[in-house]
Amino acid sequence: MRTHNCGTIRTEQIGETITLCGWVDRRRDLGGVIFLHLRDRSGSVQVVSDPIRTPDSYHLAETLRSEYVVKITGKVYRRPEESLNLRIPTGEIEVYAEQIEVLNRVHKQLPFQVSQSEDESSVREDLRLKYRYLDLRRERMSANLQLRHQVIKTIRRFLEDKFNFIEIETPILTRSTPEGARDFILPSRVNLGEWFALPQSPQLFKQLLMVSGFDRYYQIARCFRDEDLRADRQPEFTQLDMEMSFMSQEEIMNLNEELICQIFKEIKSVEISLPFPRLTYAEAMDSYGCDKPDTRFDLKLVNVSDLFKDSQFKVFSGAIAAGGIVKILPIPGGNQTVSNVRIKPGGNLFKEAAEAGAKGLAYIRVLDDNEIETIGAIKDSLTPESKQQLLTLTGAKPGDLLLFGAGDAAMVNKTLDRLRLVLGRELGLIDDNQVNLLWVTDFPMFEWNADEKRLEALHHPFTAPHPDDINDLTTARAQAYDIIYNGTEVGGGSVRIHQREIQEQVFTAIGLSAEEANDKFGFLLEAFDYGTPPHGGIAYGIDRLIMLLAGEDSIRDVIAFPKTQQARCLLTNAPASVDAKQLKDLEVVSTYKPKAD
RNA sequence: GGGACUGUAGCUCAGUUGGUUAGAGCGCGCGCCUGUCACGCGCGAGGUCGCGGGUUCGAGUCCCGUCAGUCCCGCCA
């Protein structure tokens, strides 16, 4: 039907007669000459019609409206010198419309303008989602989905051509996994009373593929978790899932660094130097208070517990006595940039701290001549020596502000991490153009779940412990690694357990009885008996990665048909009720009672 | 499960301490206009103010409830 795509026409096509198909992006009828912008997913191009040069098309051109689907045949001309538009890629040429064929019309008023003006005001997202097929015609969304395709294409080429990976599909209908997120479950008609679950990840299948000898596997895998939604969380999402046999943690990380480099090179034309910086989990928590630090800016936390363990100031010494810590977030120049109002109750920084669980937000302002300004109780508790030590430890200079966190370590870290990010953003310390990638390694195997009074796998229970820590699993480090891009976790993986005894010990550690372990993971344990190679892998949140590459704030903007925060599809109105017969066939009865009016 | 914000014309928004007939820009329709590119100019149509209830002489505005959307907390191995 067509010979070219609209957005690709350049001066090279001048003189050619071409046929284009697409949508009328805009029509400008000047009375005697009509300009159209014809759009397809490649972009748009200007089409001209007037009664003298293109008499056959002129009258039809007058009837065209926005979003009509048309086929246009005509010759490509260079635009007159005074009409060049160098702001668009096709701005040096235009097409004289010798023939126009209307392939389809718009019969109703559009719910919103598809064509975007430069100072585009944003259309409500619920409307965009209801008419997603129109929203996706728009340049921004179209570009995002095309970027998504480019990223996935780059991944496929790299893994397949350079490292001999093969893609294998794993089941969508599988069994419910006990740990982790809530599963989506589906009744089985053939096996009445029994239920499938949608996979939260292909984890177990990819490990079994290693047992099968597919030593380099990957999959662009859809995953499902029935949890509440966020800007960066959807109930179904896409993972780049990889697993490799006969590779050490170091080798896996190296390969993945190359992969990420390739993506940034192809997509952003950015060369990233190798290797990526690495932080251990302990270092990350110590210096940044979180396991996915944004290291684009240099603010670091300082642990001052030793200095205050015998302090007269009971808030600090008491916290330490109770097994907690005292840490400081130093803000260079903070005396100028951060007012007391914001730190004190009612201020936004205080609120931020309180939301993280802090009882208060102590601070010290460093003045000239090593004088300090703070509340009396802290000032009185500091000897000249301890004051000097404090300044030395934190590297504080006159004009700097020191913000304190005191209490149990988790809360202190959470508090100061939040303050660090808020202030980093507000004080303009973050260069948005910077690409900052790093690994966080050596995560602990387990963390204590106080509610259930048991250890929980921090990563997942198939993660191998560090060989040096094998004698006490409860405090062991894991051979796990996360990849952090500008403060967001975009991928995480581990070397896996490939020996039955160790897997059984880990199940025991997280409180699974031998019976439960056998019931739920017996097939994996048994597979380990039949010659399982050492293996490991990683999974990337593809939606998140692409969101960041696209500069978007929500993964909905890089997913063609996302759900709303209430987990609904506004386009299809899913989820919806089903026929009584469908339920009867499944022997399923809903006990749900809608709230009475 | 909890907190915050939003909902007025097809779209994006304004709407004062509650007070006459609810406005603007864009879009849409009609007319004029031969080099525009967010074309311009003129005329016009278009509103259950999310929905329900309450207070009031009077509610877009105040109160209660409810629905929808967004952000966050919990949750997300």
Side-chain angles (χ1 to χ4, degrees), chain A residues 25-37 44-54 58 65-67 77 79-88 90-91 94 106 108-131 134 177-183 200-201 203-204 223-235 237 351-352 354-357 414 418 443 445-447 449 451-452 454-463 478 480 489 492 494 506 510 512 539 541 553-554 556 563-566 568 570 595-597:
Chain A
D25 191 63
R26 244 166 228 275
R27 183 182 59 114
R28 289 181 292 277
D29 184 345
L30 273 62
V33 59
I34 295 169
F35 295 102
L36 302 170
H37 269 180
S44 65
V45 66
Q46 176 160 283
V47 174
V48 192
S49 181
D50 71 46
I52 294 162
R53 290 175 292 191
T54 60
Y58 181 69
R65 296 294 181 270
S66 293
E67 301 309 311
Y77 287 86
R79 292 195 188 187
E81 207 57 35
E82 64 280 9
S83 296
L84 296 176
N85 183 350
L86 299 179
R87 290 176 301 149
I88 59 173
T90 56
E94 59 193 359
V106 172
K108 293 169 72 175
Q109 176 149 17
L110 294 162
F112 51 81
Q113 282 167 251
V114 173
S115 174
Q116 305 272 279
S117 56
E118 280 155 30
D119 67 337
E120 143 202 6
S121 52
S122 52
V123 177
R124 285 181 71 91
E125 194 174 2
D126 47 355
L127 199 66
R128 289 171 50 207
L129 291 176
K130 181 172 178 189
Y131 298 96
L134 294 180
T177 51
E179 287 231 12
R182 199 176 285 116
D183 284 318
Q200 296 182 26
S201 93
Q203 180 63 33
L204 294 172
C223 304
F224 305 87
R225 291 178 191 176
D226 189 8
E227 296 291 347
D228 286 354
L229 290 81
R230 287 281 197 287
D232 61 353
R233 279 193 233 156
Q234 285 273 305
F237 60 98
K351 277 184 195 158
E352 203 68 46
E355 257 184 63
K414 192 173 172 188
R418 284 177 77 142
F443 285 79
M445 284 286 286
F446 306 110
E447 106 192 308
N449 182 325
D451 292 336
E452 296 180 21
R454 65 179 186 94
L455 289 177
E456 237 174 21
L458 194 75
H459 202 69
H460 57 55
F462 315 107
T463 300
E489 180 201 329
S494 62
V506 168
I510 60 173
L512 273 185
D553 293 324
S554 164
R556 292 188 302 274
K563 310 281 187 290
T564 68
Q565 196 170 43
Q566 293 306 308
R568 303 199 68 91
L570 296 182
K595 272 185 272 179
D597 293 333

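So you know, we letter chains A, B, ... as the sequences are listed, proteins then strands, and number each from 1.
Put simply, the side chain of E94(A) and the base of G35(B) share a donor and an acceptor less than 3.5 Å apart. Within 3.5 Å, no donor on the side chain of R128(A) pairs with an acceptor on the base of G69(B), nor the reverse. In the interface, the side chain of R225(A) is not paired with the base of C75(B) through any donor and acceptor atom under 3.5 Å apart. A donor and an acceptor atom sit less than 3.5 Å apart, one in the side chain of R233(A) and one in the base of C76(B). Taking only distance into account, the side chain of D228(A) meets the base of G74(B) through a donor-acceptor pair shorter than 3.5 Å.
Checked by atom type and distance alone, the side chain of E67(A) never pairs as donor or acceptor with a backbone atom of L110(A) at under 3.5 Å.
Separation of the C1' atoms belonging to U12(B) and C28(B) is 15 Å when rounded to the nearest angstrom. Comparing G7(B) with A14(B), their C1' atoms sit 15 Å apart, to the nearest whole Å. For the C1' atoms, the distance linking G29(B) with A68(B) amounts to 32 Å, nearest Å. When the C1' atom is compared between U61(B) and U56(B), the two are found 13 Å apart, to the nearest whole Å. If you take atom C1' in G10(B) and the same atom in G27(B), they sit 7 Å apart, rounded to whole Å. Atom P of G19(B) sits at a distance of 11 Å from the matching atom of C62(B), rounded to the whole Å. Rounded to the nearest Å, the gap between the C1' atom of C72(B) and that of C57(B) is 44 Å. When the C1' atom is used for both G46(B) and U21(B), the distance is 16 Å, rounded to whole Å.
At a threshold of 4.0 angstrom between heavy atoms, the contacts of Q566(A) are confined to the sugar-phosphate backbone, with no base atom among them. Among the heavy atoms of the strands lying under 4.0 Å from K414(A) are primed sugar atoms or P, OP1, OP2 only; no base atom is included. Note on R79(A): a base of the nucleic acid sits closer than 4.0 angstrom, heavy atoms only. Nucleic acid contact for I52(A): base, since at least one base atom lies under 4.0 Å from a heavy atom of the residue. The residue L84(A) sits close to a base: some heavy atom pair falls under 4.0 Å.
Atom CG of D50(A) and atom P of C33(B) are 15 Å apart (whole Å). One interatomic measurement links the two molecules: CD of Q565(A) to P of C76(B), which rounds to 17 Å at whole-angstrom precision. Atom-to-atom, CG of L110(A) to P of A9(B) comes out at 17 Å; the value is rounded to the nearest Å. Rounded to whole Å, the distance from CD on Q200(A) to P on C75(B) is 16 Å. Taking atom CZ on R124(A) and atom C1' on C5(B), their separation rounds to 11 Å, with Å as the unit.
Which of G10(B), C37(B), U70(B) sits closest to the side chain of N85(A) comes down to C37(B). Of all nucleotides listed (C72(B), C39(B), C73(B)), C39(B) comes nearest to the side chain of L30(A). Looking at the side chain of R556(A), the nearest of the listed nucleotides U36(B), A77(B), C71(B) is C71(B). Distances were taken from every side-chain heavy atom of S201(A) (C-beta onward) to each of A77(B), G27(B), U6(B); the shortest belongs to A77(B). If you check A77(B), C72(B), G10(B) against the side chain of A231(A), the one that comes closest is C72(B). Ranking U34(B), C71(B), G69(B) by closeness to the R568(A) side chain, first place goes to G69(B). Among the nucleotides U12(B), U36(B), A68(B), the one closest to the side chain of D126(A) is A68(B). Among the nucleotides A77(B), C72(B), C37(B), the one closest to the side chain of A181(A) is A77(B).
Using a 5.5 Å limit on the distance between ring centres and a 30° limit on the angle between planes, the aromatic ring of F112(A) does not count as stacked on the six-membered base ring of C11(B).
A salt bridge does not link R233(A) to E227(A): none of the charged side-chain nitrogens sits closer than 4.0 Å to a carboxylate oxygen.
The phosphate of C28(B) (OP1 or OP2) has no side-chain N or O of R27(A) nearer than 4.0 angstrom.
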